[in-house]
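Below, all heavy atoms of this structure are taken into account, side chains as well, without hydrogens, waters or symmetry copies. Within every chain, numbering begins at 1; the chains are lettered A, B, ... in the order of the sequence lines, protein sequences first and strands thereafter.
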There are 2 protein chains.
Amino acid sequence: MKALSIKDIALKAKVSITTVSFIINGKAKEKSISDAVIKKVQKIIAESGYKPNQIARSLRTGNSNIIGLIVEDISNSFFSRIARLIEDKAYKKGYKIIYSSTENSVEKAQELITMFKSRKVDAYIISPIKGIEEDIQILLNENKPVILFDRNLPELNTNYVGANHFVASHQAIESFIKQGKKNIALVTTDINVQQIIERAEGYKKALADHAIPFDEELLLKIPFNQAEADTIKQIKQLFKNKKVDAVLFATNYLAISGLKVLKELHQTIDENFAVIGYDDHEAFELHTPSISTIQQPLEEIAETIIKLILNQLASKNKLPDQQIIIPAKLILRK
Amino acid sequence: MKALSIKDIALKAKVSITTVSFIINGKAKEKSISDAVIKKVQKIIAESGYKPNQIARSLRTGNSNIIGLIVEDISNSFFSRIARLIEDKAYKKGYKIIYSSTENSVEKAQELITMFKSRKVDAYIISPIKGIEEDIQILLNENKPVILFDRNLPELNTNYVGANHFVASHQAIESFIKQGKKNIALVTTDINVQQIIERAEGYKKALADHAIPFDEELLLKIPFNQAEADTIKQIKQLFKNKKVDAVLFATNYLAISGLKVLKELHQTIDENFAVIGYDDHEAFELHTPSISTIQQPLEEIAETIIKLILNQLASKNKLPDQQIIIPAKLILRK
DNA sequence: CTGAAAGCGCTTACAG
DNA sequence: CTGAAAGCGCTTACAG
């Protein structure tokens with residue numbers, strides 16, 4: 001059973017495919033097609049269930065009404081929630097989103113960009129990774145709208161939407177210090193991206209501001225992409241070897257692993273031992289006691305990204321790049 | 001800056017586009033192109049960074065090497081984890097996945113199918129919803145491989161991969177009964193899909209098997225898509241109005257809401273009050289005490305789905321439909 | 001061993 | 001008010 005084409009509709013309606021095309025694309029009035037013809041063709045389209053072949057349309061027009069979204073890992077709730085919000089908002093504006101995960105592999109990220117490019121997506125939303133600057137630059141040279149989010153690549157001139165991680169992390173550490181904590185650990189990842197580096201810098205600056213010496217052993221960098229069992233082992237080592245009275249986890253999944261360790265060690269979280277997570281997670285609020293966290297305003301981030309994209313797509317000229325920093329919020333719970 | 005086309009490569013190499021096409025598609029040997037020409041063309045392709053336009057290729061060949069994945073809600077960790085696993089496995093076989101959420105809307109599901117169809121995806125993986133039987137039947141008529149998962153639509157003849165929810169739910173309730181529980185509640189959703197209905201039937205059957213009268217007020221059906229605050233209110237009502245000593249939550253997000261209620265009510269989970277969740281969630285293990293749950297083997301489900309799809313795609317003839325039921329496991333924690 | 005040409009299903013500048 | 005025709009970038013049956 002072959003799908004109908006515009007030719008079939010034209011034949012049935014006894015008009016040219018040009019006329020059918022104009023009607024499908026809402027240009028009937030503009031091209032002064034008679035009302036009678038419009039009615040007739042529309043009826044035939046409705047009855048036959050004809051849907052234009054978007055592939056052919058894309059080949060001809062060079063665009064697709066599809067926005068490509070590249071995230072680090074769709075199974076991380078930060079990304080899956082953002083993806084869902086972006087999808088919702090784009091959908092309402094007539095755009096579809098296709099997404100895929102890089103899993104922090106430069107190679108996979110490059111392949112995804114190639115795939116999206118060869119599929120003629122109209123715009124790109126990317127949580128980037130170091131090493132794909134050139135690939136993104138090529139997109140920019142081709143005048144494709146690109147919005148980076150979550151992480152920035154400062155050497156590129158393009159749009160970026162992200163949270164202020166330096167400030168957020170600084171604030172979290174200060175809240176520990178105000179509680180009188182002295183042995184404050186940071187558990188973070190070893191990936192070398194700005195938004196992760198900022199969290200470490202906020203940590204160090206807050207310590208310095210309050211004349212607390214920085215102890216390298218309290219800053220634990222967990223290799224990305226390793227099995228959780230190894231992560232748990234490393235965090236356990238930290239808590240066993242060092243006297244720690246407060247810990248900031250730089251990502252939600254590290255916090256989850258860390259909480260498992262604390263549970264295993266029977267280390268309760270109380271006035272003698274404080275924990276702050278990152279990016280929130282359903283488990284944080286539910287935990288006994290509830291876990292404080294640094295929350296990125298997902299709704300606002302998604303909204304800002306979509307607004308930037310739509311503006312770019314609507315405008316013929318390249319708009320000035322925007323770097324939008326949205327404050328992250330420290331949510332204190334107990 | 002315009003992208004290169006096969007024509008540009010042919011010009012540079014001083015051969016026909018036919019020859020270039022054969023080389024790109026690995027048919028050079030078969031078409032007995034001379035080694036010298038192959039080398040020359042490959043060199044030019046590599047140097048120029050030429051990538052074939054997949055849109056044009058799809059238009060010509062009618063396929064795309066893309067598999068469409070339609071889930072209920074990508075921000076639900078059950079779906080985002082499955083999506084990630086499927087993406088991984090498909091990627092290794094040279095297929096890309098594009099996904100989108102239906103949000104349980106028949107209309108959106110239909111639009112997504114239309115979109116995927118007009119993009120010529122090669123196969124469909126769908127967690128379906130009642131009301132789209134006809135749309136899926138059309139895909140089947142067009143000989144497109146379709147794998148349903150999570151939920152089945154029994155009136156359709158196609159492939160299905162899912163867990164045995166009746167057995168799992170029955171087993172969960174029996175474990176309550178063995179602990180001496182008498183007032184066992186089920187908190188489920190009102191969506192009318194088989195895999196949810198099965199969970200209620202397993203519940204009822206287990207009660208009947210042990211001569212425990214079924215009390216309608218202990219079976220709470222929460223409207224889908226309502227705000228979480230309302231869900232929390234309804235669950236709170238249940239626990240306040242009825243004497244409950246055990247509760248099975250039929251989905252992970254209902255369990256999360258339920259656990260929030262219990263926390264608010266200061267109802268601890270112990271030998272006098274038992275809880276089992278569904279589909280697991282990072283919060284379950286971390287909870288104090290850890291929450292038992294019915295776990296669907298995600299890895300196995302994803303693996304089975306991909307295997308079915310690849311078999312279908314590899315075979316010219318339609319393969320017999322398979323209904324694969326994978327046992328869900330009751331994970332008892334404390 | 002290689003190429004000219006048709007055709008996939010659209011859109012749109014041009015002509016009448 | 002409407003249509004014939006070119007062209008988007010490929011693949012492939014056919015010819016030599």
Side-chain angles (χ1 to χ4, degrees), chain A residues 1-42 45 48-66 114-115 117-120 122 142, chain B residues 2-42 44-45 48-66 114-115 117-120 122 142:
Chain A
M1 212 173 84
K2 201 124 165 24
L4 291 169
S5 80
I6 194 169
K7 211 163 142 190
D8 300 314
I9 304 298
L11 270 171
K12 279 192 204 181
K14 298 194 206 308
V15 296
S16 74
I17 60 171
T18 307
T19 304
V20 177
S21 175
F22 286 154
I23 293 171
I24 291 169
N25 292 298
K27 295 191 180 169
K29 289 286 170 208
E30 175 187 331
K31 300 288 179 180
S32 40
I33 311 278
S34 67
D35 279 351
V37 171
I38 298 179
K39 282 257 157 55
K40 180 173 64 176
V41 172
Q42 279 174 338
I45 290 176
S48 63
Y50 165 71
K51 298 282 177 205
N53 180 326
Q54 297 298 333
I55 297 274
R57 183 178 271 177
S58 287
L59 178 61
R60 183 53 226 248
T61 63
N63 53 41
S64 59
N65 280 315
I66 293 184
T114 303
M115 158 175 128
K117 198 153 82 177
S118 68
R119 304 283 163 199
K120 304 296 171 196
D122 293 348
E142 289 170 356
Chain B
K2 201 122 163 25
L4 292 170
S5 79
I6 194 169
K7 210 163 141 190
D8 300 315
I9 304 298
L11 270 172
K12 277 192 205 180
K14 297 197 206 315
V15 297
S16 74
I17 60 171
T18 307
T19 303
V20 178
S21 174
F22 286 153
I23 294 172
I24 291 169
N25 293 298
K27 296 191 180 170
K29 289 286 170 210
E30 174 189 333
K31 300 289 178 180
S32 40
I33 311 276
S34 67
D35 278 353
V37 171
I38 297 179
K39 282 258 157 54
K40 179 173 65 175
V41 172
Q42 279 173 340
I44 292 175
I45 290 176
S48 63
Y50 164 70
K51 299 282 177 206
N53 180 326
Q54 298 298 334
I55 296 276
R57 183 177 270 178
S58 287
L59 179 60
R60 184 52 227 248
T61 63
N63 52 41
S64 59
N65 281 315
I66 292 183
T114 302
M115 158 175 129
K117 197 153 84 179
S118 68
R119 303 284 162 198
K120 305 294 173 200
D122 293 348
E142 290 169 358

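One atom, CG of N25(A), and another, P of dT12(C), lie 7 Å apart when rounded to the nearest Å. When the C1' atom of dT11(D) is taken as reference, atom CD1 of I6(B) falls 8 Å away, rounded to whole Å. As rounded to whole Å, 11 Å separates atom C1' of dT11(C) from atom CG of N63(A). We find that NZ of K51(B) is positioned 17 Å from C1' of dG9(D), with the value rounded to whole Å. As rounded to whole Å, 13 Å separates atom C1' of dA6(D) from atom CG of L59(A). In this structure, I9(B) atom CD1 and dG9(D) atom P are separated by 13 Å, rounded to whole Å. Atoms NZ (K27(A)) and C1' (dG3(D)) sit 16 Å apart, rounded to a whole Å. In this structure, the CD1 atom of I38(A) is 11 Å from the C1' atom of dC1(D), given to the nearest Å.
Listed nucleotides: dC10(C), dT11(C), dC8(C). Nearest to the side chain of S5(A): dC10(C). Checking dA4(D), dC10(D), dG3(C) against the side-chain heavy atoms of V15(B) singles out dG3(C) as nearest. Distance from the side chain of S16(A) is smallest for dA4(D) among the nucleotides dT2(C), dC8(D), dA4(D). Closest to the side chain of S34(A), from the set dC1(D), dG9(C), dC10(D), is dC1(D). With dA6(D), dT11(D), dA13(D) as the choices, the nucleotide that has an atom nearest any side-chain atom of F22(B) turns out to be dA13(D). Distance from the side chain of T18(B) is smallest for dG3(C) among the nucleotides dG3(C), dC10(D), dC8(D). Minimum atom distance to the side chain of V37(A) is reached by dT2(D), of the listed dT11(C), dT2(D), dG7(C).
At the phosphate of dT2(D), neither OP1 nor OP2 sits under 4.0 Å from any side-chain N or O atom of T19(A). Contact between the side-chain N/O atoms of Y50(B) and the OP1/OP2 oxygens of dC10(D) is found at a separation under 4.0 Å. For the pair T61(B) and dT11(D), the criterion of a side-chain N or O lying under 4.0 Å from OP1 or OP2 is not met. Between R57(B) and dG9(D), a side-chain N or O to OP1/OP2 separation shorter than 4.0 Å is absent. Between S58(A) and dC10(C), a side-chain N or O to OP1/OP2 separation shorter than 4.0 Å is absent. Contact check, N53(A) against dC8(C): no side-chain N or O comes under 4.0 Å of OP1 or OP2.
Nucleotide dA4(C) has no partner under the Watson-Crick or G-U criteria, as no pair reaches both atom distances under 3.5 Å. Figure legend. dA13(C) is base-paired to no nucleotide; pairs are counted as Watson-Crick or G-U wobble with both atom distances under 3.5 Å.
If you take CD1 on I33(A) and OG1 on T19(A), they are separated by 4.5 Å, rounding to the nearest 0.5 Å. Atom OG1 in T18(B) sits 12.0 Å away from atom NZ in K27(B) (nearest 0.5 Å). For the atom pair CD of Q42(B) and CG of D35(B), the computed distance is 9.5 Å after rounding to the nearest 0.5 Å.
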Start with the C-alpha gap between S21(A) and I24(A), add the side-chain angles, then the distance that decides, and say whether side chain to side chain contact (heavy atoms under 4.5 Å, CB included) holds.
CA-CA 5 Å; S21(A) 175; I24(A) 291 169; 5.5 Å; no

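Side chains of R57(A) and N25(A): a donor-acceptor N/O pair is present below 3.5 angstrom, by distance only.
Residues K7(A) and I17(B) both approach DNA chain C. Their nearest nucleotides, taken by heavy-atom distance, put I17(B) toward the 5′ side.
For S64(A) (side chain) and S58(A) (main-chain N/O), no donor-acceptor pair under 3.5 Å exists by modelled atom type.
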